[in-house]
Amino acid sequence: LGLAVCRRIVMAHGGRISLVPGSRRGARFVVDLPVPVGAVSDPPDAGLRGPSRPLRVLVIDDESGVRDYVAAVLESDGHEVALAGGGLEATALAKARSFDVVFIDQMMPRMSGEVCERRLRELRPELERRFVRMTGEYLREPDPDVLQKPMSPEEILEAAARVAGGERGAPGNAASATGATSRGDAS
């Protein structure tokens, strides 16, 4: 994420971000966030529950760190993940394989998330309601159809379960099965 986006996110949570002086190689920043009293709970992995069946998931993001993070969370829950660094790679993967869920960044160079999503739906009509949109932009109002970066493992798994389960009006829980996917960086 860009520094300006990070700053807005941190400030929206009542925190601050500052530059650590004297870094010889690159810049180093410190993020301070308030922890409300009683907010400490189980470790992040405790009790994570994603979909009850393994899913075939396509993760599309131009930032490799975000792609790898989302993939790691999904793979740790037993899902098969394919990666694409942009719309062209994503459409090539969708031509060759089917997916149950697609995590898609909304702000990518060359092909926006909106255009990419439209193309994927044209290629694979069964994906009509199978998209989890991601953005680094600050959302003033929560949007249940968009995950705001940075995302927690819980948010990622809950979104996959919700979309795969058809809670947003997806036609049934069945997904087409035309081959397994494998995790591979397609950028």
Side-chain angles (χ1 to χ4, degrees), residues 1-13 15 17 26-31 33 43-45 48-51 54-94 97 99-121 124 127 129-164 168 181-187:
L1 297 176
L3 185 57
V5 172
C6 291
R7 183 175 180 270
R8 284 196 306 264
I9 292 170
V10 169
M11 290 177 68
H13 292 282
I17 187 168
R28 212 171 106 202
F29 296 89
V30 172
V31 173
L33 293 170
D45 296 46
L48 289 184
R49 286 299 297 145
L55 300 173
R56 293 176 309 265
V57 183
L58 174 59
V59 178
I60 311 163
D61 200 304
D62 59 309
E63 296 181 50
S64 62
V66 173
R67 282 194 313 265
D68 292 343
Y69 169 69
V70 173
V73 169
L74 292 165
E75 287 174 337
S76 73
D77 201 48
H79 306 295
E80 298 176 38
V81 180
L83 302 176
L88 295 176
E89 296 97 339
T91 53
L93 285 168
R97 305 172 179 161
F99 297 97
D100 300 309
V101 177
V102 178
F103 281 77
I104 185 167
D105 182 26
Q106 294 299 285
M107 300 189 59
M108 296 182 289
R110 287 180 244 126
M111 185 187 299
S112 71
E114 182 179 345
V115 171
C116 181
E117 183 177 333
R118 188 175 336 115
R119 287 191 182 171
L120 292 175
R121 279 189 271 118
R124 297 279 186 178
L127 290 176
R129 303 231 181 243
R130 301 296 179 153
F131 289 88
V132 177
R133 295 164 191 91
M134 304 178 294
T135 186
E137 291 295 307
Y138 174 70
L139 300 174
R140 292 176 198 249
E141 296 293 323
D143 184 338
D145 294 339
V146 180
L147 291 180
Q148 185 173 342
K149 299 175 188 176
M151 303 153 306
S152 71
E154 293 89 349
E155 290 172 314
I156 293 167
L157 294 176
E158 288 170 5
R162 183 178 67 248
V163 172
R168 292 193 308 184
T181 64
S182 63
R183 181 169 182 232
D185 195 351
S187 55

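Basis for what follows: all heavy atoms, side chains included, without hydrogens, waters or symmetry-related copies.
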Less than 3.5 Å apart, any donor N or O on the side chain of Glu154 or Ser152 sitting next to an acceptor on the other?
yes

[X] (side chain) donor-acceptor with [Y] (main chain) under 3.5 angstrom:
X: Glu89; Y: Gly86; answer: yes
X: Arg130; Y: Ala164; answer: yes
X: Asp105; Y: Ile60; answer: no
X: Arg124; Y: Arg97; answer: yes

Tell me, do Leu74 and Leu157 make a side-chain contact under 4.5 Å, heavy atoms counted?
yes

Taking the side chain as every heavy atom from C-beta outward, state whether Leu120 and Phe99 have any atom pair closer than 4.5 Å.
no

Suppose we screen for side chain to side chain contact (heavy atoms under 4.5 Å, CB included). Which residues come up paired with Val31, at least two apart in sequence or across chains?
Val10, Ile17, Leu33

Which residues pass the side chain to side chain contact (heavy atoms under 4.5 Å, CB included) test with Arg110, sequence neighbours left out?
none

Can you see which heavy atom on [X] is nearest to which on [Y], and at what distance?
X: Met134; Y: Asp61; answer: CE-OD2, 3.8 Å
X: Pro54; Y: Asp100; answer: O-OD2, 4.4 Å
X: Leu83; Y: Leu93; answer: O-CD1, 3.5 Å
X: Ala90; Y: Cys116; answer: CB-SG, 4.0 Å
X: Ala160; Y: Leu55; answer: O-CD1, 4.1 Å
X: Ile104; Y: Gly113; answer: CD1-O, 3.4 Å

Within this structure, what is the NZ-CD distance for the pair Lys149 and Gln106, rounded to the nearest 0.5 Å?
9.5 Å

The reported gap from CZ in Arg119 to CG in Leu127 (rounded to nearest 0.5 angstrom) is 15.5 Å

Sequence-distant partners of Glu137, salt bridge (Lys or Arg N to Asp or Glu O under 4.0 Å), two or more places apart
Arg8

Gln148: what forms a side chain to side chain donor-acceptor pair (under 3.5 Å) with it, not counting sequence neighbours?
none

Counting heavy atoms not belonging to Arg121, are there more than 12 under 6.0 Å from its CZ?
yes

